[in-house]
Structure formats: C-alpha cells, structure tokens
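The basis for the numbers below is simple: all heavy atoms, side chains too, and nothing from hydrogens, waters or symmetry mates.
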Amino acid sequence: MFLKNKPVGAICHAAQLLTVIPDLMKGREYTAYPSCEPDVKACGATYIKKNVHTHQNLVSGQAWPDLPTFMREFINLLK
C-alpha cells in the first residue's frame, strides 16, 4: 500500500506494526497511542502530538475516541 501510494490507516498501537518496515516509515510523520511514541521514533519517523494526523497517504490516530475524525480524514484520501 505504501509503495503504490494507496491510503493507509493506523490507529492506537498500529505504530508497533509499522516498526517492521522502517525503510518505509523513515521521514514520515504520524501519531499513535502516546506510549508508542518510542516505536514511531525508533523507525526514523516523527511523532506528532495530535489526536489525528495525515501525512502523505497515511492517516494516523491516537485511540478509539478519535475514530470520527480519523475516518473523515481516511475517506478524504479515498476521493
């Protein structure tokens, strides 16, 4: 999905999964559950201290209460 620039959504602890593809995460910006900040930084990305953040084709959110905004941003990428 990242290589083809397709929309990707990551919320809460999904940042822990993204650490396995550091070559694709390096230089990106995204948010995650606050305790996952070290995971974001470990793969060369920038942790954004916002509830929801969109950078390129990646929409990220901190936790389930952010789902309405998260989904709105994700749908915007689908347009």
Side-chain angles (χ1 to χ4, degrees):
M1 300 301 278
F2 283 108
L3 295 176
K4 295 190 181 246
N5 202 36
K6 302 285 184 181
V8 177
I11 194 161
C12 202
H13 288 77
Q16 293 175 324
L17 297 173
L18 298 177
T19 60
V20 301
I21 50 171
D23 53 322
L24 298 175
M25 294 297 99
K26 187 175 182 179
R28 288 187 176 266
E29 300 176 350
Y30 56 101
T31 191
Y33 195 75
S35 65
C36 294
E37 182 175 351
D39 297 295
V40 173
K41 292 179 176 179
C43 62
T46 301
Y47 182 80
I48 303 298
K49 293 183 181 186
K50 290 174 33 182
N51 290 0
V52 174
H53 184 71
T54 302
H55 182 246
Q56 298 171 358
N57 65 322
L58 175 62
V59 177
S60 56
Q62 289 191 342
W64 68 266
D66 305 316
L67 280 170
T69 306
F70 175 86
M71 289 308 300
R72 183 177 58 243
E73 292 300 314
F74 190 79
I75 289 169
N76 284 337
L77 284 182
L78 295 175
K79 293 180 181 179

Where [X] and [Y] come nearest, the two heavy atoms and their spacing:
X: Lys6; Y: Asn57; value: O-ND2, 2.6 Å
X: Leu77; Y: Gln56; value: CD2-O, 3.8 Å
X: Ala15; Y: Cys36; value: CB-CB, 4.1 Å
X: Tyr33; Y: Ala63; value: CD1-CB, 4.3 Å
X: Thr54; Y: Glu73; value: OG1-OE1, 3.4 Å

Tell me whether Thr19 contacts the main-chain N or O of Asp39 through its side chain, where contact means a donor paired with an acceptor under 3.5 Å. no
At what distance, to the nearest 0.5 angstrom, does NE2 of His53 lie from CD of Gln62? 11.5 Å
Euclidean distance, Ile11 CD1 relative to Asn51 CG, rounded to 0.5 Å: 9.5 Å
Could you pull out all residues at least two apart from Phe74 that satisfy ring pair (Phe, Tyr, Trp, His ring centres under 6.0 Å)? none
Once ring pair (Phe, Tyr, Trp, His ring centres under 6.0 Å) is applied, do any residues pair with His55, and if so which ones, sequence neighbours excluded? none
Could you identify which residues cluster with Leu18, counting Ile, Leu, Val, Met, Phe, Trp and Tyr as linked when any side-chain heavy atoms lie under 4.5 Å apart, either directly or through a chain of such contacts? Met1, Phe2, Leu3, Val8, Val20, Ile21, Leu24, Met25, Tyr30, Val40, Tyr47, Leu58
Please report the C-alpha distance between Arg28 and Ile48 in whole Å, then the side-chain angles of each, then the deciding distance to 0.1 Å, and finally whether the side chain to side chain contact (heavy atoms under 4.5 Å, CB included) criterion is met. CA-CA 10 Å; Arg28 288 187 176 266; Ile48 303 298; over 6 Å; no
Treating Ile, Leu, Val, Met, Phe, Trp and Tyr as nodes and any side-chain heavy-atom pair under 4.5 angstrom as an edge, say whether Ile75 and Val59 lie in one connected cluster. no
I'd like to check Ser35 versus His13 (side-chain heavy atoms, cut-off strictly below 4.5 Å). Are they in contact? yes
Check against side chain to side chain contact (heavy atoms under 4.5 Å, CB included), Glu29 and Ser60: CA-CA 9 Å; Glu29 300 176 350; Ser60 56; over 6 Å; no
